[in-house]
Each structure stands twice: as C-alpha cells, then as structure tokens.
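What follows is a short report on a single structure.
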Amino acid sequence: MKISMAAAECVPFAKTGGLADVIGALPKELAKNGHDVTVFLPKYNVIAEEFVQHFSLIEEIPVSFGGEIKPCGVYQYNDENIRYLFLESREYFGRSKIYGEPDDGERFNFFSIAVLTAMKEMEVKADIIHVHDWHTAIIPLLIKKDSRFKVLGESAKTVLTIHNLQFQGNFATTVFTKGFELDENGFDLSSIEWNGNYNMLKTGISYADKVTTVSPSYRDEILTAAYGEGLEDVLKERKGDLVGILNGLDTQFYNPATDLAIEMEYDHSSIEEKAVNKRKAQSLMGLPVKGDVPLTVMISRLAGQKGIDILEEALPELLQSNELQFILLGSGEEKFEDFFVQLAKEFPDKVAVHIGFDEDLAHQLYAGADIFLMPSHFEPCGLSQLISMRYGTVPVANKTGGLKDTVIEYDRVTQTGNGFLSDFTGNEPFTEAVRRALMFYQESGHWEAIKKNGMEADYSWKQSAGLYEGLYQELTKNLSAK
Ligand code: ADP
C-alpha cells in the first residue's frame with residue numbers, strides 16, 4: 001500500500017512530545033511490512049544540522065494560498081526505506097520554535113495546502129493519507145472540497161489520528177476564509193466552525209474517512225463530556241468510525257541494551273547495571289549518590305494535563321516523611337516551573353530540577369530512576385510510562401486513558417503487574433500509590449519482579465501497526481469496490 005503521512009513533529013527532527021515519537025516509529029514499522037511510506041514535515045529552523053546537511057532540494061513548488069503564490073522548497077531525506085519530504089517556507093517555518101507563534105493557524109493551513117500541492121505536482125501516489133492532530137487535520141476537508149485537490153481523493157482515503165484532543169487549533173474564522181479556495185457553492189462554513197471559531201481538529205473529525213486515537217480507553221473517554229473537550233457530540237456522530245489503537249515504542253531508539261546516551265547499557269538479564277545509571281543520574285543532577293534511596297523521576301511537559309497540581313500537594317509530604325529523591329526534567333507553564341524550582345530549594349538534598357528539553361538527559365534519567373511519576377488528569381496514550389518500563393523503571397500513574405491500558409497494578413500473590421495505579425481523584429490516592437511503590441521497593445524480591453515484568457513486555461509497534469494496516473485495508477477495500 002502507498003501511505004502518505006503528514007504531521008508537525010517527528011523524531012529525530014523536531015519534537016515537543018509523544019506525537020514526534022509516533023511519527024518517528026509507525027512509518028518505520030509500516031515500511032518494514034512492505035508499504036511504501038512518505039512522511040511530510042515542515043522544514044523548521046530547529047532541525048539539527050546533522051540531518052539538514054543530508055537533505056536534498058528536489059523540487060520548488062508554487063503554493064497558492066490566501067490569494068498569493070508562495071514559494072515552497074521540497075527537500076528529500078531517506079532513511080530506513082522511508083521518504084521524508086520536508087516542506088520549506090522561510091515565512092512560516094523559519095522561526096526559532098515549532099509552535100506557539102501568533103500565526104500558528106495560518107502556518108499549518110499553509111503546510112496542509114503545501115502537502116497536497118506537493119503530492120499533486122510531484123505525483124506522489126497514495127492509497128491512504130494519514131494526518132495527525134490539528135496541524136494537518138484540514139487535509140481531509142481540502143481533498144473533498146477544494147477542486148484543486150479532489151483528484152487526490154479519487155484514489156486516496158483519509159485517516160486522522162488524535163494524539164491529544166485538548167489541542168484543537170482554534171482560530172478566528174477569517175484564518176480559514178483568507179486561506180483557501182473552496183467551492184463557494186455548497187460549502188457549509190458551519191462544518192469548520194465550533195463556538196464561533198475555526199476549529200481545525202473538529203474539521204478533521206468531520207471530514208476524515210476514519211478517526212483514530214491512541215488508546216482504546218481514551219477512545220471511550222472522549223465520547224463523554226468529562227474528557228471530550230467540548231467535542232464529544234461531534235465525536236459521537238463519528239462513533240462508528242472512531243477507533244482506539246494503542247501507541248507502541250520505537251524499541252530501537254528506546255533500548256537500554258544499546259542506548260549510547262546512558263552511562264551503562266543493560267537488559268533484563270543484567271538489570272543490576274541500572275545501579276550505575278542511578279549513580280550517574282544522581283551525580284549529574286547534583287544529588288547525594290546513594291544507591292539505597294529510592295529515586296523518583298518525572299519527565300514531562302509542565303501542563304495542567306500532567307497533574308502537577310497533584311504533585312504540588314503530594315510531593316512535599318512524601319519528601320518530608322520518606323528517604324526519597326525526586327528529579328524533574330521538564331518545561332512549560334511558568335507557575336509549574338516555579339513550583340519545582342522552589343521545591344528544589346526547600347529540599348536541596350532530595351530534589352533536583354532541570355527546566356528545559358533534553359533528550360539525552362531524559363534517557364539517562366529513565367535508565368537511572370527507580371520510580372517514574374505520572375499523575376496525569378488525562379492521558380491519550382502516554383509514552384513516558386512505556387519508556388520507563390522498557391528501562392526497568394516502575395511507573396506510578398493515574399488510572400486514565402492509555403495509562404489504564406498499559407500500567408497494571410502489581411499483585412503480591414501472583415507477582416504479576418508492572419506498576420502502581422491511583423484512582424483518578426487527586427492527591428491522596430496518588431500519594432497512596434507512591435507509598436505502595438516505596439513499600440515494595442524495600443522488598444527486593446518483589447521489586448525485581450515488578451521491574452522484570454515491565455522490561456520483558458512487548459512495547460513494539462508490531463501489533464499496533466497491524467491494527468493500522470487493518471484499518472487502511474478496510475478503507476481501501478471500499479474504494480476499489482466503488
Ligand atoms: P505528551 O505527548 O503528552 O507530551 P507522552 O508521554 O506521550 O506525553 O510523550 C512525552 C515524550 O516527550 C516522551 O518521549 C518524553 O520522554 C518526552 N519528554 C517530555 N518532556 C521532556 C523533556 N523536558 N526533555 C526530554 N524529553 C521530554
């Protein structure tokens with residue numbers, strides 16, 4: 001099958017979170033299974049020179065956008081049988097960051113149009129066009145409603161994956177009307193609007209042939225008002241086409257046995273080497289190097305979703321009443337950054353904080369930690385708990401979304417389970433779950449069992465890629481039957 005993907009992030013080129021991990025890994029698994037995969041990405045300024053130096057400019061395409069013709073260079077980079085096409089616009093992507101610009105709506109509208117223009121001009125054939133999150137969610141609409149691109153829709157079906165429903169790409173309707181050339185006849189503007197705004201994700205939910213999200217539990221949750229972020233009724237209309245497929249991990253990239261970013265490689269048969277990595281993590285972060293003190297870690301975007309408010313309550317108490325260390329690697333909302341910086345001042349021998357984004361440090365911390373904290377209020381899939389388990393680090397998480405689907409409470413009798421779960425009601429249950437973890441930490445037989453259960457599980461993309469393939473096949477079968 002010929003599959004084109006379009007997304008705003010992809011490991012190893014540009015990453016702010018789990019979306020990048022998925023776009024870095026799923027195409028590789030599909031290519032391994034014999035599919036012909038092209039991945040479209042913006043050519044951001046932030047992409048490291050070590051990659052950019054291998055990009056080759058293969059085409060210059062004129063992108064008609066907002067009544068103007070804008071230049072767009074198409075750069076190719078091949079890796080592991082995948083063709084990456086980076087679309088260059090100095091105007092929109094020659095910035096110092098990936099998101100958070102006042103014209104984000106216009107930037108990703110442009111990118112979406114540029115993807116389809118490139119596909120048409122360069123005759124990139126696709127059976128499936130798979131788009132991700134709000135940034136590229138309007139592509140299904142464009143294929144169906146913009147006469148320039150309808151030809152692509154004659155041979156391709158569209159899939160939209162929602163990696164996080166909270167981010168919807170909400171902009172003034174003028175951002176939409178300025179950008180596109182849709183058939184005025186019969187185009188219903190209400191299909192792109194939500195609460196008086198242009199809502200890019202909602203547009204994708206309405207127009208994609210299938211909508212997926214990244215875990216079965218989150219799929220069910222987003223159909224309810226509590227998790228639907230206001231779009232639950234739109235999602236209910238697509239319920240029959242809404243599928244939850246759990247993310248996998250790039251098990252090559254996240255492999256403690258070969259990871260060059262960590263102090264000492266190990267696998268489940270040499271798990272004792274984790275101690276070397278723990279010492280390294282402690283010394284890197286300026287904490288006392290103590291093997292027997294449990295080291296808890298959090299690596300995260302610092303956003304309300306991630307349950308930092310729960311840690312604001314839970315951590316001071318846990319740190320006061322236990323021999324415990326805590327390391328935070330993250331960045332985001334200032335009030336949360338301030339909380340952690342202050343905490344490190346209050347507990348200088350127990351808490352260390354690194355505000356920022358650092359992939360190598362993250363790997364060293366996954367390898368060095370004993371316990372990973374993930375008190376998310378909601379979690380579409382969550383990759384951090386999977387990475388933790390792969391590195392023999394035990395997750396303590398809230399029972400929600402993908403965390404519910406992947407973290408299993410340890411059972412003393414059967415010695416099954418890979419972590420500890422708190423019912424989703426705030427500080428007390430989460431503190432209790434951490435206490436259970438700390439209790440088992442003292443019982444070395446059980447602690448070894450929990451770590452091994454986590455490390456030995458299969459987190460690869462194999463099964464999930466198979467589910468995507470099944471979905472693609474179902475869609476294209478209908479196409480050839482028409
Ligand atoms: P989300 O996509 O909501 O941010 P996930 O758990 O799905 O959460 O994925 C987060 C990914 O981003 C993981 O690979 C995690 O290790 C990484 N990450 C988050 N914050 C940082 C950071 N400050 N430095 C390095 N990696 C980070």
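Order of listing sets the numbers, starting from 1, for every ligand and every atom in it.
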*Is any N or O atom of Thr16, backbone or side chain, closer than 3.5 Å to an N or O atom of ligand 1?*
no
_Between CG on residue Leu223 and OH on residue Tyr218, distance to nearest 0.5 Å_ = 11.0 Å
_Are Val394 and Asn418 packed together at the side-chain level, in the sense that at least one heavy-atom pair is separated by less than 4.5 angstrom?_
no
*asked:* By the definition ring pair (Phe, Tyr, Trp, His ring centres under 6.0 Å), identify the one residue from Tyr84, Phe40, Tyr44 that meets it with Phe13.
replied: Tyr84
*Donor on one side chain, acceptor on other, Glu432 and Ser422, under 3.5 Å*: no
_Using a plain distance cutoff, I'd like to know if Gly356 has any nitrogen or oxygen under 3.5 Å from a nitrogen or oxygen of ligand 1._
yes
*Closer than 4.0 angstrom: is that true for some heavy atom of Ser300 and an atom of ligand 1?*
yes
*asked:* Within the supplied structure, the quantity of interest is the number of heavy atoms (other residues, nucleotides, ligands) at a distance under 6.0 Å from Glu456 CD; does it exceed 12?
replied: yes
*asked:* Tell me whether ligand 1 is touched by Phe372 - counting only heavy atoms on the residue side and a distance under 4.0 Å.
replied: no
_Protein residue, atom and distance nearest to atom 15 (C) of ligand 1, heavy-atom basis_ = Tyr366 OH, 3.4 Å
*Mind checking whether Tyr266 and Lys274 have side chains closer than 4.5 Å, heavy atoms only?*
yes
*asked:* Please list, in number order, the atoms of ligand 1 under 4.0 Å from a heavy atom of Gly17.
replied: 2 (O), 4 (O), 11 (C), 12 (O)
_Using a 3.5 Å cut-off on N or O atoms only, is Ile387 in polar contact with ligand 1?_
no
*Can you tell which of Glu379, His363, Lys306, Glu359 gets a heavy atom nearest to atom 1 (P) of ligand 1?*
Lys306
*Okay, side chain of Asp209, backbone of Lys157: is any donor-acceptor separation there less than 3.5 Å?*
no
*In the protein, what heavy atom is nearest to atom 22 (C) of ligand 1, and what distance, to one decimal place, separates them?*
Phe357 CD1, 3.4 Å
*Ring centroid separation for His130 and Tyr472, is it under 6.0 angstrom?*
yes
*Lys15 touching ligand 1 at heavy-atom level, < 4.0 angstrom*: yes
*Please could you name the atoms of ligand 1 that Gly330 approaches to less than 4.0 Å, counting only its heavy atoms?*
23 (N)
*For ligand 1, which part of Phe253 has a heavy atom less than 4.0 Å away: the side chain, the backbone, both, or neither?*
neither
*Considering the heavy atoms of Tyr254, write down every atom of ligand 1 situated less than 4.0 Å from one of them.*
14 (O)
*asked:* So, 4.0 Å and heavy atoms of Asn164: is ligand 1 close enough to count as a contact?
replied: no
*Can you tell me how far CD1 of Ile245 sits from CD of Gln463, rounded to the nearest 0.5 angstrom?*
10.5 Å
*asked:* Below 4.0 Å from ligand 1: does a non-hydrogen atom of Ala20 turn up there or not?
replied: no
*Measure from NZ or CZ of Lys43 to the centre of the six-membered ring of Tyr75 and say whether it is under 6.0 Å with the direction within 45° of the ring axis.*
yes
*Identity and separation of the nearest protein heavy atom to atom 4 (O) of ligand 1*: Arg301 NE, 2.8 Å
*How does Ala362 reach ligand 1, if at all, at less than 4.0 Å between non-hydrogen atoms: by side chain, backbone, both, or neither?*
side chain
*Take Asn427 and Glu317, measure what side-chain hydrogen bond (donor to acceptor under 3.5 Å, both in side chains) needs, and give me the verdict at the end.*
CA-CA 11 Å; Asn427 152 41; Glu317 190 200 321; 5.2 Å; no
*So, is Ser384 polar-close to ligand 1, with some N/O to N/O distance under 3.5 Å?*
yes
*Does Arg238 reach the main-chain N or O of Ala208 with its side chain, forming a donor-acceptor pair under 3.5 Å?*
yes
*asked:* Suppose we measure from atom 24 (N) of ligand 1 to each protein heavy atom; which comes out shortest, and what is that distance?
replied: Asp358 N, 3.0 Å
*Hey, is the main chain of Tyr366 close enough, under 3.5 Å, to the side chain of Thr393 for a donor-acceptor pair?*
yes
*asked:* I need the nearest protein heavy-atom contact for atom 6 (O) of ligand 1: residue, atom name and distance, please.
replied: Leu383 N, 2.9 Å
*What atoms of ligand 1 come within less than 4.0 Å of a heavy atom belonging to Asp21?*
11 (C), 13 (C), 14 (O)
_Is there a polar contact between ligand 1 and Gly18, counting only N or O atoms under 3.5 Å apart?_
yes
